[in-house]
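Atoms within each ligand, like the ligands themselves, are counted from 1 in listed order. Along the sequence shown, residues carry numbers from 1.
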Amino acid sequence: MWRASILTIFPDMFPGPLGASLAGKALASGAWSLDVADIRNFATDKHRSVDDTPAGGGPGMVMKADILGRAIDAIVPDMAADARPRYLLSPRGTPLTQARIEALTQGPGVVLVCGRFEGVDERVIAARGLEEVSIGDYVLSGGEIAAMALIDACVRLLPGVMGASASGAEESFADGLLEYPHYTRPQIWEGQPIPEILTSGDHAKIAAWRRAEAERLTRERRPDLWAAFLRHFRNGSKAG
Ligand code: 6GU
């Protein structure tokens with residue numbers, strides 16, 4: 001079973017939204033499993049402190065290598081036997097993409113360390129092989145919400161979770177484009193009709209219209225994706 005292990009100083013935040021909706025149903029039905037460890041349980045002083053002032057001075061606090069190291073060792077007792085990648089959620093990380101999410105769902109799961117404070121002692125990141133990943137170019141107060149976003153993106157791709165809605169194939173990013181616009185009844189809403197072509201019954205024309213709209217939206221909203229699309233899917237080795 002696909003297993004997500006979370007290390008956090010806010011264990012009460014989980015499962016949170018992952019206990020509801022699609023991910024929650026999949027969790028209840030055994031499509032994936034979640035375990036959450038409280039990093040504070042691995043502190044040794046009477047105040048159970050997990051952070052300390054930064055070496056060299058400066059603002060904020062740094063998560064201690066000894067405490068986090070022990071927490072990781074408890075959750076992953078045999079690193080050689082546990083093939084799950086170990087991620088540190090951090091705005092400093094490399095960006096999470098749909099391709100990375102898809103690759104993760106092909107494996108046995110993931111270990112997620114939620115950073116807090118100004119950062120995590122660099123030595124434990126290196127010694128426990130933590131790969132830093134980010135969910136976007138903005139700063140969250142901690143990695144917990146980012147961890148939930150990562151897990152949600154993975155779980156919906158697990159076998160059986162999306163069921164009949166064989167979506168995957170047509171959604172945003174699947175072919176490097178944003179999704180085309182959607183419409184449903186009523187036929188006219190606030191004076192605006194559904195685009196005529198969608199009610200024409202001509203499936204080839206509908207597919208061509210959707211493709212053109214997906215390309216237009218990608219060009220207008222995401223010039224970065226559009227450039228990558230032109231490189232990969234037109235001039236590159238992959239087929240269109
Ligand atoms: Cl993964 N963590 C935090 N704390 N902030 C973020 C982030 C992660 N991704 C974007 N901002």
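Every residue two or more places apart in sequence or in another chain that forms a ring-ring contact (aromatic ring centres under 6.0 Å, His included) with W226 is listed here: F229.
Contact annotation: the side chain of R116 never approaches that of M61 to less than 4.5 Å [non-hydrogen atoms, C-beta and beyond].
The shortest N or O to N or O distance between V139 and ligand 1 is not below 3.5 Å. Every N/O-N/O distance between S141 and ligand 1 stays at or above 3.5 Å. Ligand 1 has an N or O atom lying under 3.5 Å from an N or O atom of L140, backbone or side chain.
The atoms of ligand 1 that sit less than 4.0 Å from any heavy atom of V133 are 1 (Cl). Annotation for ligand 1: atoms under 4.0 Å from non-hydrogen atoms of G142 are 3 (C), 4 (N). Close contacts between ligand 1 and A146 involve ligand atoms 1 (Cl), 8 (C) [criterion: under 4.0 Å to a heavy atom]. For ligand 1, the atoms lying closer than 4.0 Å to a non-hydrogen atom of S134 are 1 (Cl), 9 (N), 10 (C).
At a threshold of 4.0 Å, the pair R219-E215 does not count as salt-bridged, since none of the basic side-chain nitrogens sits closer than that to a carboxylate oxygen. Between E213 and R210 no salt bridge is recorded (no basic side-chain N to carboxylate O distance below 4.0 Å).
Protein heavy atom in closest approach to atom 3 (C) of ligand 1: P91 CD, 3.3 Å. In terms of protein heavy atoms, atom 11 (N) of ligand 1 is closest to Y138 O, 2.5 Å. Protein heavy atom closest to atom 9 (N) of ligand 1, with residue, atom name and distance, is I135 N, 3.0 Å. For atom 10 (C) of ligand 1, the nearest protein heavy atom (residue, atom name, distance) is G136 O, 3.0 Å. S90 N, 3.1 Å is the protein heavy atom nearest to atom 1 (Cl) of ligand 1.
To the nearest 0.5 Å, the span separating CZ on R84 from CD1 on I75 amounts to 9.0 Å. The CG atom of L225 lies 12.0 Å from the CG atom of L217; values are rounded to the nearest 0.5 Å.
Environment of CD in Q187: crowded, with over 12 heavy atoms of neighbouring residues, nucleotides or ligands closer than 6.0 Å. Counting non-hydrogen atoms of neighbouring residues, nucleotides and ligands closer than 6.0 angstrom, the CG atom of D137 reaches no more than 12 such neighbours.
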